[in-house]
Amino acid sequence: MGSFAGHVIPGTLFLLVGLWHLRCGIKNYLAAPQAFVSRMWHPAPLPGHWSRLELYIIVAGSFLDMTLVELGIGTGFRPIENGGVAPGHLNNFEHASMLLMFFVLGCAVLVSETTSLLPLPLGALHVLAALAFLCEGLLFSLHSTTHSGAEPRYHLLLALCIAACVACALLAAACPRSFLLDAFGSGAIALQGLWFWQTAMSLYGPLIPSGCYLQPNTTLRCDSEEIEHRGRALAVLQFIALLASILVLCLVYYGVAARTAPQPSLDFIRATHAVKCVEGKGCVSGNKAEVGLVGVALHEEEKGTREMDSGGEEETRLLSVGKDNSGEYNSVL
């Protein structure tokens, strides 16, 4: 992965999967918000087995990147030397182990969702995804390769994307009906893919910061500490720009998709997220508002019933007092 292709290939996979999940998650939520459930994969609008295209891409892409790019091209097709792993190839084996986790995840989803051989409970696949992202995060946090210059900042920001993916996957397993968690997790995956591309362009491609250069051992060096500091600052600005791009893309697509959504779904969304206030009772939002208003109405109804009962007892008492010995009512009332 310490090359241009080693960053671009997994970045493309993450970007495609993240954007596909964003598109399908928004579409499913707007179609039936009350029945929305977060999914680990979404079928493509293709006939037959090709509807599982997403799973095939994950399995085939991770396997080819692991075997052909990392253990093949990355090691000169000699991953094992003198009966063991050569120190210069340890970096490739670390990246291959990360890709192995995503290969296992893709196979597990494929078997569980398309056959009866692996009947996993709801949320189990999200936990497996969290484990795969966790292994990826450990790889970039405990890397055997020594990074220098602006490169550590790129890996730190990548670790933040991975941490967001882990958190969203675990929370989605606990709250599978949360659309916001599903959208945030899909956006984090897409952002991770974009950041892989940005890292490839800034460390191994045409966007290397001015004053920095790539050494033969693929280590980025800068001419001075000031230039190195500038490279790290540029990395943060690039990250924020990509984050803003994903956010704008998500909002624009949601707005466009909402124009064609069924009216009952839009009414449900508006009612769910509306804020309702009752004088003297405060304000609540969403379903709590509806429940709260029902509670207030029942409270007022019960209070009125008690007042009517109290009034009836008082009337009975007055009638009893105003009744004379002959059984006729006097003018007390």
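Excluded from the calculations below are hydrogen atoms, water molecules and symmetry mates; all remaining heavy atoms, backbone and side chain alike, are included.
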| Chi angles and distances behind the ring pair (Phe, Tyr, Trp, His ring centres under 6.0 Å) call for Phe14, Trp195 | CA-CA 10 Å; Phe14 282 124; Trp195 192 244; over 10 Å; no

| message | Test side-chain contact (heavy atoms from CB on, under 4.5 Å) on Ile246 and Leu242; report intermediate values, then the result. | response | CA-CA 6 Å; Ile246 291 292; Leu242 293 179; 5.8 Å; no

| request: Kindly indicate, with the supporting measurements, whether the criterion salt bridge (Lys or Arg N to Asp or Glu O under 4.0 Å) is fulfilled by Glu228 and Arg232. | output: CA-CA 6 Å; Glu228 183 177 316; Arg232 290 195 295 265; 2.8 Å; yes

| message | side-chain contact (heavy atoms from CB on, under 4.5 Å), that's the test. Do Val37 and Asn28 meet it? Break it down for me. | response | CA-CA 9 Å; Val37 177; Asn28 293 341; over 6 Å; no

| request: Kindly determine whether Ile80 and Phe93 satisfy side-chain contact (heavy atoms from CB on, under 4.5 Å), including the steps that lead there. | output: CA-CA 10 Å; Ile80 304 297; Phe93 274 87; 3.9 Å; yes

| query | Between Met98 and Leu138, does a side-chain contact (heavy atoms from CB on, under 4.5 Å) hold up when you go through it step by step? | reply | CA-CA 9 Å; Met98 176 200 77; Leu138 290 175; over 6 Å; no

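Looking only at atom types and distance, the side chain of Gln198 has no donor-acceptor partner in the side chain of Tyr154 under 3.5 Å away. Side-chain polar atoms of His21 and Glu54 form a donor-acceptor pair below 3.5 angstrom. Using modelled atom types, one finds a donor on one side chain and an acceptor on the other under 3.5 Å when comparing Trp197 with Thr12.
Separation of atoms CD (Glu70) and OG1 (Thr75) is listed at 9.0 Å; rounding is to 0.5 Å. Note that the CD1 atom of Ile162 and the CG atom of Leu134 stand 10.0 Å from one another [nearest 0.5 Å]. Here OG of Ser210 is found 8.5 Å from CG of Asp223. Values are rounded to the nearest 0.5 Å. Leu30 CG to Phe179 CZ: the interatomic distance, rounded to the nearest 0.5 Å, is 6.5 Å. In this structure, CG on Leu131 lies 13.0 Å from NE2 on His126, to the nearest 0.5 angstrom. Note: Leu68 CG to Ile73 CD1 = 4.5 Å, rounded to the nearest 0.5 Å.
You'll find the side chain of Glu136 reaches within 4.5 Å of the side chain of Gln192, heavy atoms only. The shortest side-chain heavy-atom distance between Met66 and Leu100 falls under the 4.5 Å cut-off. Using a 4.5 Å cut-off on side-chain heavy atoms (C-beta onward), Ile208 and Leu203 make no contact. Contact annotation: the side chain of Ser38 never approaches that of Arg177 to less than 4.5 Å [non-hydrogen atoms, C-beta and beyond]. Contact annotation: the side chain of Val69 never approaches that of Leu99 to less than 4.5 Å [non-hydrogen atoms, C-beta and beyond]. Side-chain contact between Met101 and Leu105 is absent, with no heavy-atom pair separated by less than 4.5 Å. Annotation: side chain of Val109 is not in contact with side chain of Ser112 (no heavy-atom distance under 4.5 Å). The shortest distance between side-chain heavy atoms of Leu158 and Phe196 falls below 4.5 Å.
Listed here is the closest heavy atom pair of Ile58 and Gly106: CG2-CA, 4.1 Å. Pairing each heavy atom of Met201 with each of Phe4, the nearest pair is SD-CE1, 3.6 Å. In plain terms, the two heavy atoms of Leu22 and Cys250 that are nearest each other are CD2-SG, 3.9 Å. Here the shortest heavy-atom pairing between Asp182 and Gly25 reads OD2-CA, 3.9 Å. Nearest heavy-atom pair, Ser202 versus Pro209, reported as atom, atom and distance to 0.1 Å: O-CD, 3.5 Å. Across all non-hydrogen atoms, the minimal contact from Pro176 to Leu122 is CG-CD2, 3.9 Å.
Put simply, the side chain of Ser62 gets close to the backbone of Val59: a donor and an acceptor are under 3.5 Å apart. Judged by distance alone, with hydrogens and angles left aside, the side-chain atoms of Ser51 form no donor-acceptor pair with the main-chain N or O of Pro47 at under 3.5 Å. A donor-acceptor pair is defined here as one N or O able to donate and one able to accept, closer than 3.5 Å; no such pair exists between the side chain of Asp65 and the backbone of Gly61. Side chain of Ser178 to main chain of Cys175: no donor-acceptor pair is present (N/O by atom type, distance under 3.5 Å, no hydrogens or angles). Using modelled atom types, one side-chain atom of Thr260 and one backbone atom of Ala257 make a donor-acceptor pair closer than 3.5 Å.
Taken together through direct or relayed side-chain contacts under 4.5 Å among Ile, Leu, Val, Met, Phe, Trp and Tyr, Phe77 and Ile9 form parts of separate hydrophobic clusters. Under the 4.5 Å side-chain contact rule for hydrophobic residues, Ile26 and Trp20 do not share a cluster. Residues Met40 and Leu13 do not share a hydrophobic cluster, defined by chaining ILVMFWY side chains whose heavy atoms lie under 4.5 Å apart. A single hydrophobic cluster is seen to contain both Leu194 and Leu160, as judged by linkage of ILVMFWY side chains at heavy-atom distances under 4.5 Å, directly or through other members. Leu128 and Leu139 fall within the same hydrophobic cluster, defined by Ile, Leu, Val, Met, Phe, Trp and Tyr side-chain heavy atoms under 4.5 Å apart, directly or through other members.
Relative to the ring axis of Trp41, Arg39 places its NZ or CZ within 45° and under 6.0 Å from the centre.
More than 12 heavy atoms of other shown residues, nucleotides or ligands fall within 6.0 angstrom of atom CD in Gln263. Remark: Tyr254 OH is packed, more than 12 non-hydrogen atoms of other residues, nucleotides or ligands lying under 6.0 Å away. Surrounding CZ of Phe184 are at most 12 heavy atoms belonging to other residues, nucleotides or ligands under 6.0 Å away.
Ring geometry for His155 against Phe140 counts as tilted: the plane angle lies between 30° and 60°, on a 0 to 90° scale.
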